[in-house]
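Count residues from 1 along the sequence.
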Amino acid sequence: MRLARVALLGVVVVSQSAWAAHPWTIGNVPSYYQGHYGTPQTIGIFYDPTYLQYQTPRLRLKFTIPYISVSNLPVGAKLTNGTLSARTQSTQTITASGLGDMWLAGHFTVIPERGLRPALVPYAKIKFGTASAAKGLGTGRNDYEVGLGLNTTIGANVFPFAHVGYRFVGSPPGQHLQNIVTYDAGVSIAATPRNIITAMYAGNQSEQAGYAGPSDAILAWNYNVTTAGSGFQVYLDKGLSNGSANLGVGVGGQVVF
């Protein structure tokens with residue numbers, strides 16, 4: 001889920017001692033995406049996730065509740081977060097808004113970073129099918145994902161990371177959606193203790209046969225107002241495939257306490 005990962009880039013360099021003193025984060029990162037997503041229409045998606053996270057040096061739990069609004073969605077198409085999971089070539093479109101799919105994610109560091117060895121962080125996620133399938137805001141089915149994250153530190157201010165996962169996709173009747181592999185990789189650079197620049201690539205297989213999966217290049221800037229990681233971020237997302245939006249932008253922030 002690329003939007004969830006982007007939302008946390010601003011606190012990726014927070015030390016373990018800071019997490020021990022300030023384990024909670026609440027954040028909101030409204031985003032807007034526009035593109036064809038492999039359909040004949042120019043679709044606009046406003047995705048506004050609010051999340052609550054609890055973190056210790058080894059464990060991270062995160063719950064996300066999004067609001068979503070879409071314009072020019074082809075009749076019969078279905079969303080998953082800020083992208084399309086099922087597409088149609090219909091020339092009829094709808095505009096809809098409402099509650100999106102809620103997510104619960106857990107990450108646990110089984111092997112901490114040491115020297116040249118990166119930290120190994122298995123994760124599991126559940127997408128609850130809370131978005132309206134009738135409106136096209138979701139599939140109405142739960143998804144389940146398991147995967148592994150790798151992260152390390154180069155010097156004092158360079159933080160490479162990568163994730164790969166496998167998602168068991170819930171398919172509504174008649175859609176024939178398929179399970180997918182998800183992946184991303186990137187690097188965060190702390191230009192100063194408060195300014196963090198992140199560049200990453202994120203993608204996944206298409207849930208629908210015959211269409212390209214999302215493939216995106218993302219550039220983000222975070223400014224941490226406090227040493228605990230409270231601050232704001234701005235990011236740009238450039239789609240690299242027919243399964244992505246042409247362009248996306250997000251502006252938001254988080255409070256760590």
Side-chain angles (χ1 to χ4, degrees), residues 1-7 29-39 41 43-51 62-88 93-105 123-147 163 165-184 202-216 218 237 239 241-246 248 250:
M1 181 183 164
R2 73 165 181 255
L3 293 172
R5 289 167 185 159
V6 170
V29 188
S31 307
Y32 181 76
Y33 293 85
Q34 187 176 80
H36 292 282
Y37 297 92
T39 77
Q41 310 300 328
I43 302 168
I45 301 174
F46 175 69
Y47 186 75
D48 186 8
T50 298
Y51 64 89
K62 182 183 175 188
F63 183 61
T64 304
I65 303 176
Y67 169 84
I68 191 167
S69 179
V70 59
S71 61
N72 288 331
L73 182 69
V75 171
K78 307 292 184 186
L79 301 181
T80 293
N81 304 318
T83 190
L84 272 66
S85 57
R87 302 163 177 84
T88 71
T93 64
I94 61 173
T95 296
S97 60
L99 177 68
D101 291 322
M102 293 186 286
W103 284 81
L104 178 63
Y123 70 86
K125 299 179 181 180
I126 302 175
K127 184 205 80 176
F128 300 99
T130 51
S132 171
K135 293 181 178 180
L137 299 179
T139 64
R141 295 291 192 270
N142 291 359
D143 291 353
Y144 305 90
E145 182 175 333
V146 292
H163 303 83
Y166 189 79
R167 185 176 301 170
F168 300 89
V169 176
S171 182
Q175 296 288 348
H176 306 294
L177 301 183
Q178 57 194 9
N179 298 338
I180 59 173
V181 174
T182 68
Y183 41 86
D184 68 59
N204 58 255
Q205 294 176 306
S206 175
E207 297 178 12
Q208 187 179 22
Y211 289 90
S215 178
D216 298 83
I218 300 165
D237 183 315
S241 78
N242 289 335
S244 299
N246 181 52

Mind checking side-chain hydrogen bond (donor to acceptor under 3.5 Å, both in side chains) for [X] and listing every partner two or more places apart, or none if nothing turns up?
X   : value
T50 : N28
N72 : none
Q34 : Y32

Using 0.5 Å steps for rounding, measure from the [atom1] atom of [X] to the [atom2] atom of [Y].
X   : Y    : atom1 : atom2 : value
H36 : S244 : NE2   : OG    : 13.0 Å
S97 : K135 : OG    : NZ    : 6.0 Å
D48 : I65  : CG    : CD1   : 11.5 Å

Shortest non-hydrogen contact from [X] toward [Y]:
X    : Y    : value
N142 : F128 : OD1-CA, 3.5 Å
G140 : A133 : N-CB, 4.0 Å
P49  : T64  : CB-CG2, 3.7 Å
S215 : S241 : N-OG, 3.5 Å
G82  : I45  : O-CD1, 3.7 Å
G136 : L73  : O-CD2, 3.7 Å

Those residues that, when tested against [X], pass side chain to side chain contact (heavy atoms under 4.5 Å, CB included) (two or more places apart):
X    : value
N179 : Y166, F168, V169
N204 : I180, T182, P214
P172 : T139, R141, Q175, L177
S206 : R87, Q208, Y211

Measuring only between side-chain heavy atoms, which start at C-beta, is I94 closer than 4.5 Å to V75?
yes

- request: Check salt bridge (charged side-chain N to carboxylate O under 4.0 Å, His left out) between K127 and all other residues, then give those that pass, not counting sequence neighbours.
  value: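 Checked K127 against salt bridge (charged side-chain N to carboxylate O under 4.0 Å, His left out); matches are D101, D143.
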
From N81, I43, D237, N246, residue fulfilling side-chain contact (heavy atoms from CB on, under 4.5 Å) relative to Y33: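 Of the listed options, the one satisfying the test is D237.
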
Exercise. Take K62 and W103 through the side chain to side chain contact (heavy atoms under 4.5 Å, CB included) test and state the conclusion after the steps.
Key: CA-CA 8 Å; K62 182 183 175 188; W103 284 81; over 6 Å; no

For side chain to side chain contact (heavy atoms under 4.5 Å, CB included), just list the numbers for D216 and D184, CA-CA rounded to whole Å, side-chain angles, deciding distance to a tenth of an Å, and then say yes or no.
CA-CA 9 Å; D216 298 83; D184 68 59; over 6 Å; no

